[in-house]
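What you see is a predicted model, and the numbers here were worked out from it, not measured in a lab. Each ligand, and each atom within it, is numbered from 1 in the order the structure gives.
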Amino acid sequence: MERLLITGAAGQLGSVMRKKLTSLAPVIRLSDRAPLDPPAPNEECVECDLADAAAVHELVKGCDAIVHLGGISVERPFSEILDGNILGLYNLYEAARANGQPRILFASTNHTIGYYPQDERLTAGVPYRPDGLYGVSKCFGEALARMYFEKFGQETALVRIGSCMTEPLNYRMLSTWLSHDDFVSLVEAVFRAPVLGCPVVWGASANDAGWWDNSHIGWLGWHPKDNAEVYREKILANTPKPNPTDSLVRFQGGAFVDDPIHKD
Ligand code: NAI
Ligand code: 15L
């Protein structure tokens, strides 16, 4: 791999991955619509709005692989979601089609299935139950990626990330946590695989309290190592015990199910 593109590189996850994915390619192209820190010698920085088709076309040119983190990452007014996650996704896939179909890791989300209760164990084939417009936009992204695979052979890993952060912060994240290191090893596995296709991947660490079954992607050779359980005592000590009627402990999407439809 010569050049890896990371979109959303100014964001929470992107700014961590910028430092942790350097061994994947000699050149890392970083992009966001927000300002990026100045490039290191192995980096290229490109400010680009995903809603701008011509700019996205130029952005993807010359890249052999894409970690697509860019877009709206929480519940927001539909106009914002439309630009980043709907139009932005279409622009990315059209740009990829015109530029040699680099393999894509698409940062989808657990909010595609957020209305499932926490006592259900899910396989990758379960019907969508999105918990807001944000979740719906990621269902669109997964469907779009699937169509580009069926029609054009474009390969994508549809990674339904749980909660990717330094450590789990509440009871729900004992199930949804994905450590940064496990995300890195997932990215490595996705770009190492000789053939990828377009699988759904549950993006969670090896949590004792996990809800999601990744047995369908054993062939990928991804073996998450971290386990949120080691933080249970800390969470018990630092967070109030949730009421059993709280969405945080009822639904897999947690408090996202309580979000209203945000108006512009
Ligand atoms: P974030 O909100 O911190 O970063 C997203 C970045 O995308 C931001 O820097 C933002 O400026 C950029 N962006 C938004 N709209 C854009 C547009 N129209 N054009 C260009 N750039 C745009 O989110 P975070 O936490 O870093 O997440 C990264 C990705 O992973 C997102 O796609 C999110 O949906 C997904 N994800 C993250 C999870 C997590 O636990 N961090 C969980 C599930 C999914
Ligand atoms: C997401 O999709 C969000 O992008 C992230 O900020 C977290 O809230 C995460 O899901 C989660 O469900 O914890």
Side-chain angles (χ1 to χ4, degrees), residues 5-18 20 30-37 45-53 55-56 59-60 66-92 95 104-116 118 130-142 145 157-180 182-183 186-187 201-205 207 211-212 228 247-248 251-259:
L5 168 63
I6 304 177
T7 66
Q12 188 241 122
L13 206 46
S15 47
V16 175
M17 289 307 132
R18 173 179 186 170
K20 286 188 175 264
L30 303 160
S31 177
D32 206 294
R33 67 176 173 181
L36 289 151
D37 288 341
C45 289
V46 182
E47 218 169 292
C48 170
D49 194 318
L50 291 162
D52 180 341
V56 175
L59 177 67
V60 168
I66 303 175
V67 175
H68 183 54
L69 304 175
I72 300 302
S73 62
V74 289
E75 197 61 11
R76 296 292 300 158
F78 187 63
S79 58
E80 290 178 37
I81 291 174
L82 187 62
D83 274 359
N85 298 12
I86 306 282
L87 189 52
L89 243 279
Y90 168 70
N91 288 342
L92 185 83
I104 298 173
L105 185 152
F106 169 50
S108 184
T109 178
N110 70 87
H111 298 289
T112 53
I113 52 80
Y115 263 108
Y116 281 95
Q118 294 190 359
D131 56 31
L133 295 175
Y134 163 61
V136 170
S137 75
K138 293 289 186 172
C139 298
F140 168 84
E142 290 190 5
L158 308 170
V159 182
R160 291 183 186 161
I161 303 174
S163 308
C164 191
M165 45 195 70
T166 310
E167 59 181 76
L169 303 176
N170 58 38
Y171 289 88
R172 171 178 166 272
M173 290 185 193
L174 292 170
S175 305
T176 60
W177 186 53
L178 173 64
S179 72
H180 288 146
D182 283 337
F183 186 61
L186 173 58
V187 176
V201 178
W202 297 107
S205 284
N207 304 323
W211 301 318
W212 305 319
S247 299
L248 186 69
F251 297 102
Q252 298 200 2
F256 275 57
V257 306
D258 299 329
D259 271 316

List ligand 2's nitrogen or oxygen atoms that come under 3.5 Å of a protein nitrogen or oxygen, with the partner atom and distance.
residue	atom	partner	partner atom	Å
ligand 2	2 (O)	Thr109	OG1	2.8
ligand 2	2 (O)	Tyr134	OH	2.7
ligand 2	4 (O)	Ser73	O	2.6
ligand 2	4 (O)	Tyr134	OH	3.3
ligand 2	10 (O)	His111	NE2	3.1
ligand 2	12 (O)	Asn110	ND2	3.0
ligand 2	12 (O)	His111	NE2	2.7
ligand 2	12 (O)	Arg172	NH1	3.4
ligand 2	12 (O)	Arg172	NH2	2.7
ligand 2	13 (O)	Ser163	OG	2.6
ligand 2	13 (O)	Arg172	NH1	3.1

Which residue supplies the protein heavy atom nearest to [atom], what is that atom called, and how far is it?
atom	result
atom 39 (C) of ligand 1	Cys164 N, 3.6 Å
atom 2 (O) of ligand 1	Ser73 OG, 2.7 Å
atom 10 (C) of ligand 1	Asp32 OD1, 3.4 Å
atom 21 (N) of ligand 1	Arg33 N, 3.4 Å
atom 3 (O) of ligand 1	Gln12 N, 2.8 Å
atom 28 (C) of ligand 1	Leu69 O, 3.4 Å
atom 19 (N) of ligand 1	Leu50 N, 2.9 Å
atom 35 (C) of ligand 1	Ala107 CB, 3.8 Å

Roughly how far apart are [X] [atom1] and [Y] [atom2], rounded to 0.5 Å?
X	Y	atom1	atom2	answer
Leu59	Asp49	CG	CG	11.0 Å
Glu80	Ile72	CD	CD1	5.0 Å
His68	Leu5	NE2	CG	9.0 Å
Ile81	Ser137	CD1	OG	5.5 Å
Asp182	Cys164	CG	SG	9.0 Å
Gln12	Met165	CD	CE	5.5 Å

Return the option from [options] holding the heavy atom at the smallest distance from [atom].
atom	options	result
atom 26 (O) of ligand 1	Asp52, Leu13, Asp83, Ile72	Leu13
atom 42 (C) of ligand 1	Gly71, Ser163, Gly203, Gly162	Gly162
atom 18 (N) of ligand 1	Asp49, Thr176, Val56, Thr109	Asp49

Could you pull out the closest heavy-atom pair between [X] and [Y], with the gap in Å?
X	Y	answer
Phe106	Lys138	CZ-CD, 3.7 Å
Ala107	Leu69	CB-CD2, 3.8 Å
Trp211	Thr176	CZ3-CG2, 3.4 Å
Leu50	Asn91	O-ND2, 2.8 Å

Atoms of ligand 1 close to [X] [distance to a heavy atom under 4.0 angstrom, numbered from 1]:
X	answer
Tyr134	33 (C), 34 (O), 36 (N), 44 (C)
Ile161	30 (O), 36 (N), 38 (C), 42 (C), 43 (C), 44 (C)
Ser108	43 (C), 44 (C)
Gly84	18 (N)
Gly70	7 (O)
Cys48	19 (N), 20 (C)

Residue pair Asn110 / Arg172, side-chain donor-acceptor N/O under 3.5 Å: yes

With sequence neighbours excluded, residues passing ring-ring contact (aromatic ring centres under 6.0 Å, His included) with Tyr171: none

For Tyr115, the ring-ring contact (aromatic ring centres under 6.0 Å, His included) test, sequence neighbours excluded, returns Phe251

Short N or O distance, Gly11 and ligand 1, threshold 3.5 Å exclusive: yes

For ligand 1, which part of Lys138 has a heavy atom less than 4.0 Å away: the side chain, the backbone, both, or neither? side chain

Contacts of type side chain to side chain donor-acceptor pair (under 3.5 Å), residue Ser15, not counting sequence neighbours: none

Per the ring pair (Phe, Tyr, Trp, His ring centres under 6.0 Å) rule, which among Tyr116, Trp177, Trp202 passes with Trp212? Trp202

